[in-house]
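Written out below as structure tokens is the structure these notes cover.
Since this is a predicted model, take the numbers as computed values, not measurements. For ligands, and for the atoms within them, numbers begin at 1 and follow the listed sequence.
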Amino acid sequence: MTFKGDYARTMRLKRRNCLTQITKLIFLLSLVALLIFLIDHISPDNGGAVEKRLRDKSMANTSIFIWEVFRGKENKSSNGQQNISTLENLKPTNTNLINLEDFNSDGLFPYLINEPDKCQKNQAAPFLVFLITTEALQVKAREAIRQTWANENVVPAVAVVRLFLLGKSKDKLGSKKQMILLEESQRHHDIIQQDFLDSYYNLTLKTMMGLHWVARYCSKASYVMKTDSDMYVSTNTLIRKLLKPELKPRKNYFTGRIIRNETPIQDKNNKAYIPKEEYSKATFPAFCSGTGYVLSGDLALKIYTVSLTMRRVHLEDVNVGLSLAKLGLKPIDPPHDLVFYHWRIDYAVCKYKHLITSHGFKPEEIIKYWRLQQNDTTKC
Ligand SMILES: *[C@@H]1O[C@H](CO)[C@@H](O)[C@H](O)[C@H]1NC(C)=O
Ligand SMILES: *[C@@H]1O[C@H](CO)[C@@H](O)[C@H](O)[C@H]1NC(C)=O
Ligand SMILES: *[C@@H]1O[C@H](CO)[C@@H](O)[C@H](O)[C@H]1NC(C)=O
Ligand SMILES: *[C@@H]1O[C@H](CO)[C@@H](O)[C@H](O)[C@H]1NC(C)=O
Ligand SMILES: *[C@@H]1O[C@H](CO)[C@@H](O)[C@H](O)[C@H]1NC(C)=O
């Protein structure tokens with residue numbers, strides 16, 4: 001008897017369990033369907049549309065535009081395009097009067113990985129934000145950089161924030177790479193990624209993402225350094241000798257290895273080839289080599305917004321130079337004894353105490369030279 005009763009109860013329980021499983025499954029399936037619907041209906045490149053419309057209108061007034069984007073008030077119509085006519089009715093505003101905290105515009109592409117709270121967590125605004133361009137497979141380079149020059153505790157009592165910038169890999173291994181990246185991001189919280197194809201020709205979009213992130217989530221940072229994952233950076237020298245936390249942070253400050261009177265390369269086989277349709281003038285305005293440049297925090301937003309109003313070029317450093325020129329600003333040379341090298345300098349203790357960047361290192365070399373440098377007490 002009891003046995004039979006038990007059996008019946010077990011079967012009832014089993015049936016009930018089965019029903020809950022089915023409900024769960026249906027719920028999950030509808031979530032997935034909703035996600036697919038959302039992804040399908042979010043337009044990935046509003047920026048392109050905005051930019052085109054602005055170009056068509058020959059971009060009458062940058063300051064008005066900057067003011068509007070600052071305030072996060074872009075009036076987007078249903079298809080995501082900016083309503084220019086409403087902007088034209090606004091009075092121009094001096095960019096110096098703008099309240100940085102109001103900027104809450106979306107990026108050019110949706111963020112797939114973001115760290116919106118990284119700055120607030122630090123309480124006091126960071127002194128320096130590193131924006132480091134990298135690709136999904138460069139895991140070792142990121143690991144080396146975390147341990148060395150972009151270690152967030154590298155300079156005692158100076159708040160440093162590190163972010164690696166990535167687009168999305170859309171090749172065969174794309175989804176696998178994405179999973180690995182997500183896992184890495186959850187461990188280190190130092191990765192941001194937007195939904196654009198990660199390619200050499202899209203480096204400008206990567207830089208734009210970094211500048212957008214600073215403008216939106218970390219606008220009080222004193223300085224920003226954009227650099228690459230094959231670089232050696234003397235963070236101590238950069239912070240102590242060039243930027244100097246004891247001074248009031250500079251405004252409209254941009255420095256690095258300045259490249260002047262560079263002519264656009266017309267040779268299609270060159271990596272830096274730029275077609276006439278993309279840039280037609282005989283020379284570029286002065287710009288800083290993308291291997292490493294430093295800007296004051298206020299410039300992140302200014303450069304970002306002004307570059308929404310221009311025909312962008314795919315060479316990210318040239319593009320930033322063009323934006324600076326449009327803002328009426330010029331890069332400033334660092335003091336002659338503090339050098340941003342955009343090639344590789346053979347390691348020597350004293351040389352490395354005074355340079356700010358050196359270019360072209362494998363991950364294990366970054367670690368090796370960093371250790372040599374930190375452990376060497378030679379007076380130079
Ligand atoms: C923007 O508009 C103001 C006032 O209409 C004008 O003084 C200024 O020159 C304009 N700026 C540009 C870049 O056209
Ligand atoms: C945005 O544009 C719509 C018409 O497209 C208008 O009704 C609305 O008032 C505008 N909003 C702002 C904040 O300008
Ligand atoms: C832009 O705004 C104006 C005035 O508010 C309105 O007449 C026009 O329809 C809007 N255009 C779009 C594309 O929303
Ligand atoms: C840049 O990214 C966009 C968005 O993913 C993509 O459509 C485009 O093909 C990419 N361009 C290049 C040259 O890789
Ligand atoms: C100094 O060298 C030792 C041994 O090579 C190493 O373990 C240590 O991490 C180095 N110190 C720094 C700050 O890199």
Side-chain angles (χ1 to χ4, degrees), residues 35-56 69 74 76 79-82 105-114 131-138 163-182 185 191-216 226 228-230 264-280 284 287 290-291 303-323:
L35 257 175
I36 290 173
F37 172 83
L38 281 177
I39 289 168
D40 220 40
H41 283 74
I42 292 169
S43 142
D45 192 0
N46 296 337
V50 173
E51 184 192 41
K52 186 175 174 304
R53 285 173 60 107
L54 289 168
R55 229 174 26 246
D56 293 348
V69 178
E74 306 131 289
K76 286 182 181 168
N79 62 3
Q81 296 205 341
Q82 182 126 11
S105 252
D106 291 336
L108 281 177
F109 295 84
Y111 281 93
L112 299 174
I113 303 179
N114 198 357
L131 300 175
I132 308 154
T133 53
T134 164
E135 286 160 24
L137 291 180
Q138 295 171 332
L163 280 179
F164 293 106
L165 315 180
L166 290 104
K168 198 176 178 203
S169 307
K170 294 183 176 164
D171 53 22
K172 263 190 270 167
L173 286 173
S175 57
K176 195 148 210 168
K177 285 188 203 165
Q178 188 64 13
M179 272 169 58
I180 295 169
L181 198 65
L182 274 168
S185 153
I191 287 173
I192 60 173
Q193 181 194 38
Q194 279 182 356
D195 192 5
F196 59 82
L197 180 68
D198 202 323
S199 69
Y200 176 74
Y201 284 93
N202 270 341
L203 268 181
T204 287
L205 298 179
K206 220 176 243 189
T207 297
M208 294 279 285
M209 168 175 72
L211 295 175
H212 173 268
W213 189 91
V214 173
R216 175 147 186 194
K226 185 282 164 181
D228 288 345
S229 50
D230 61 347
I265 291 171
Q266 302 295 341
D267 171 8
K268 280 190 182 159
N269 299 317
N270 193 305
K271 201 176 169 195
Y273 164 71
I274 181 162
K276 272 237 154 42
E277 309 82 68
E278 199 175 324
Y279 189 81
S280 56
F284 294 131
F287 65 97
T291 51
I303 293 172
Y304 177 77
T305 43
V306 89
S307 77
L308 293 178
T309 71
M310 313 174 343
R311 168 78 159 98
R312 285 195 291 275
V313 303
H314 76 275
L315 304 167
E316 69 85 21
D317 46 10
V318 172
N319 194 64
V320 168
L322 287 164
S323 310

D228 vs T133, side chain to side chain donor-acceptor pair (under 3.5 Å): CA-CA, chis, key distance, verdict: CA-CA 5 Å; D228 288 345; T133 53; 2.4 Å; yes
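Checked against the 6.0 Å centroid threshold, F109 and H212 do not count as a close aromatic pair.
Y201 and H314 have tilted rings, their planes meeting at an angle from 30° to 60° on a 0 to 90° scale.
Across the listed options F196, Y200, F109, Y201, Y201 owns the non-hydrogen atom lying nearest to atom 13 (C) of ligand 4.
Residue contacts with ligand 4 include K170, since one of its heavy atoms falls under 4.0 Å from the ligand.
At a threshold of 4.0 Å, the pair K176-D171 does not count as salt-bridged, since none of the basic side-chain nitrogens sits closer than that to a carboxylate oxygen.
Inside a 4.0 Å radius of atom 2 (O) of ligand 4 there is at least one protein heavy atom.
The protein non-hydrogen atom at the shortest distance from atom 9 (O) of ligand 4 is L197 CD2, 4.4 Å. Scanning the protein for heavy atoms near atom 8 (C) of ligand 4, the closest one is N202 ND2, 3.9 Å.
Close approach of ligand 4 to S199 (heavy-atom distance below 4.0 Å) involves ligand atoms 12 (C), 14 (O).
Of the listed residues (K170, K168, K206, K177), just one forms a side-chain hydrogen bond (donor to acceptor under 3.5 Å, both in side chains) with D198, and that residue is K206.
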